[in-house]
2 protein chains.
Amino acid sequence: MTDENASYAAVLRLFRAQSFLEARLGPPLASVHGLGLNELMLLMQLARAPLHRLRRVDLAAMLNASQSTVTRMALPLEKTGFVKRESDPRDARVAYVVLTKAGRAIVDQAEDTLRQMSTELFRDRWTDKEIAALGGLLGRFTAALPGEIP
Amino acid sequence: MTDENASYAAVLRLFRAQSFLEARLGPPLASVHGLGLNELMLLMQLARAPLHRLRRVDLAAMLNASQSTVTRMALPLEKTGFVKRESDPRDARVAYVVLTKAGRAIVDQAEDTLRQMSTELFRDRWTDKEIAALGGLLGRFTAALPGEIP
DNA sequence: CGAATATACTTGCATATGGAAGTATATCGG
DNA sequence: CCGATATACTTCCATATGCAAGTATATTCG
């Protein structure tokens, strides 16, 4: 197998692994916490942001989503009270998305669930070394991206 | 970092890497070949299937998608002539999706493009060993799934 | 200062997708 | 053989998403 094919194979497998994980983890997470995976990712970005708040445009970059997607994802989260809107006194164009107390609580709970499910996924077929190696290699992709989760 | 957190970190990074790759590779692929990534994945499954054909239900399992999604993805592909519909003489419920000559051609071209873009992604920041390691580890996920791409 | 440009966000439109219900066919158990 | 159940597919409805256009505000440059 040439280098080119190795890169290609890695990309294809990443796509497959992702669609599997989404199908495997998404529905249980939603049924337990009422949160989609993408909604959780949004809330997690807020949870680790300074002041628990981010501009929509920055959130979009962190989530690899469009601005309109962020605008509309924020609506139901506001309804349920997990985030609230805040304006910037120095720039009237900006509408921050701010994590509320309730939002912080649901993130913690949902992250616990996702952590458990992740552990379960690897249990019995992976060594600690392999898991760490996979995380490390994937980190080489994500390290350069905005919104890295430490 | 505990084992649990290592699994979780790997899963989170996989999500992030995937959304990045989709944003990075999808649009160029679509503009060059007029094919979305998911459409290409569907055609690739057909390209490697016996007789270049698959039942919709099997295609859905391979793509981690619902049956209705496959039904509707096939429609524009039929319009453009990349696939055609075929029935099973022994089971009238089945409607095969069959790759056409034109479909085979577009898969080859689009795969070439994706291969090049994948290579470009890793160039200059990854060693051959790292790429192979990443592909190998991801393969531990995907190996057990239906529709593994060899 | 003021016009041109850039930025942040929202909205309209088109596409993509899942789940549930509906239809047709096949298989199973008595 | 026949009713009950299972399977394959499609369609309906609701949600999710991107892009382009629209609105409001900021910044830049002459």
Side-chain angles (χ1 to χ4, degrees), chain A residues 15 18-31 34-43 53-80 83-98 146, chain B residues 15 18-31 34-43 53-80 83-98 146:
Chain A
F15 282 136
Q18 143 74 14
S19 68
F20 164 71
L21 286 179
E22 193 174 319
R24 174 77 172 263
L25 304 177
L29 188 84
S31 73
L35 272 186
L37 276 171
N38 290 343
E39 286 179 316
L40 178 57
M41 296 302 150
L42 187 156
L43 296 178
R53 73 178 197 184
L54 287 168
R55 306 189 308 163
R56 277 154 169 71
V57 61
D58 296 326
L59 216 28
M62 289 168 166
L63 300 172
N64 286 115
S66 68
Q67 282 194 30
S68 52
T69 293
V70 172
T71 290
R72 280 171 298 205
M73 279 203 301
L75 288 179
L77 293 172
E78 281 178 35
K79 291 266 186 179
T80 52
V83 305
K84 66 185 180 208
R85 168 184 291 251
E86 209 168 89
S87 55
D88 184 332
R90 280 178 260 178
D91 189 339
R93 294 170 302 181
V94 171
Y96 288 105
V97 183
V98 189
Chain B
F15 281 137
Q18 143 75 14
S19 69
F20 164 72
L21 287 179
E22 192 173 320
R24 175 77 172 264
L25 303 177
L29 189 84
S31 74
L35 271 187
L37 276 171
N38 290 343
E39 286 179 317
L40 177 56
M41 295 303 151
L42 187 156
L43 295 178
R53 74 178 197 185
L54 286 168
R55 306 188 309 162
R56 278 153 169 73
V57 61
D58 296 326
L59 216 28
M62 289 169 167
L63 300 172
N64 286 116
S66 68
Q67 283 193 30
S68 51
T69 292
V70 172
T71 291
R72 280 171 302 203
M73 280 202 301
L75 287 179
L77 293 172
E78 280 178 35
K79 291 266 185 178
T80 51
V83 305
K84 65 186 182 207
R85 168 185 290 252
E86 209 168 88
S87 56
D88 184 331
R90 278 177 262 176
D91 188 338
R93 294 171 302 180
V94 171
Y96 288 105
V97 183
V98 189

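All chains are named by letter (A, B, ...) in the order of the sequence lines, taking the proteins before the strands, and each is independently numbered beginning at 1. Note that the coordinates shown come from a computational prediction; the quantities given were computed from them, not determined experimentally. Below, all heavy atoms of this structure are taken into account, side chains as well, without hydrogens, waters or symmetry copies.
We find that CZ of A:R56 is positioned 17 Å from P of D:dA24, with the value rounded to whole Å. The interatomic distance linking B:N38 (CG) with C:dT15 (P) rounds to 16 Å, in whole Å. Separating the CG atom of B:L35 from the C1' atom of C:dA16 is a distance of 15 Å, rounded to the nearest angstrom. Following rounding to the nearest Å, B:L42 (CG) and C:dT17 (C1') show an atom-to-atom distance of 14 Å. Rounding to whole angstrom units, CE of residue B:M73 and P of D:dT11 are separated by 16 Å. The distance between atom CZ of A:R53 and atom P of C:dC9, rounded to the nearest whole Å, is 12 Å. If you measure from atom CG of A:L75 to atom P of D:dT17, you get 13 Å, rounded to the nearest angstrom. As a whole-Å value, the separation of B:E39 CD from C:dA16 P is 7 Å.
Comparing A:Q67 and B:N64 along DNA chain C, the residue whose closest nucleotide (by nearest heavy atom) sits nearer the 5' end is A:Q67. Comparing A:P76 and B:R55 along DNA chain D, the residue whose closest nucleotide (by nearest heavy atom) sits nearer the 5' end is B:R55.
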Decide side chain to side chain contact (heavy atoms under 4.5 Å, CB included) for A:N64 and B:Q18; before the verdict, give the C-alpha distance in whole Å, the side-chain angles of both, and the deciding distance to 0.1 Å.
-> CA-CA 10 Å; A:N64 286 115; B:Q18 143 75 14; over 6 Å; no
Should B:V97 and B:R56 be marked as a side chain to side chain contact (heavy atoms under 4.5 Å, CB included) after you check the CA-CA gap, both sets of side-chain angles, and the distance that decides it?
-> CA-CA 7 Å; B:V97 183; B:R56 278 153 169 73; 3.1 Å; yes
Starting from the C-alpha separation in whole Å, work towards a yes-or-no answer on side chain to side chain contact (heavy atoms under 4.5 Å, CB included) for A:L43 and A:L35.
-> CA-CA 10 Å; A:L43 296 178; A:L35 272 186; 3.8 Å; yes
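In this structure, the side-chain contact (heavy atoms from CB on, under 4.5 Å) partners of B:D91, at least two apart in sequence or on a different chain, are B:D88, B:R93, B:V94.
Residue A:R72 is classed as a base contact, given a heavy-atom separation below 4.0 Å to a base.
Exactly one residue among B:L75, B:L77, B:V98 makes a side-chain contact (heavy atoms from CB on, under 4.5 Å) with B:V83. That residue is B:L77.
A close approach under 4.0 Å does occur between a side-chain nitrogen or oxygen of A:T71 and OP1 or OP2 of C:dT10.
Contact check of residues 86-98 of chain A against DNA chain C (heavy atom, cut-off under 4.0 Å) returns A:R93, A:V94, A:A95.
In the set C:dA20, D:dA20, C:dC9, C:dA20 carries the atom at the smallest distance from any side-chain atom of B:S68.
Interatomic distance, OG of A:S19 versus CE of B:M41, reported as 9.0 Å (0.5 Å rounding). Once rounded to the nearest 0.5 Å, the distance linking CZ of B:R85 with CD of B:E78 reads 5.5 Å.
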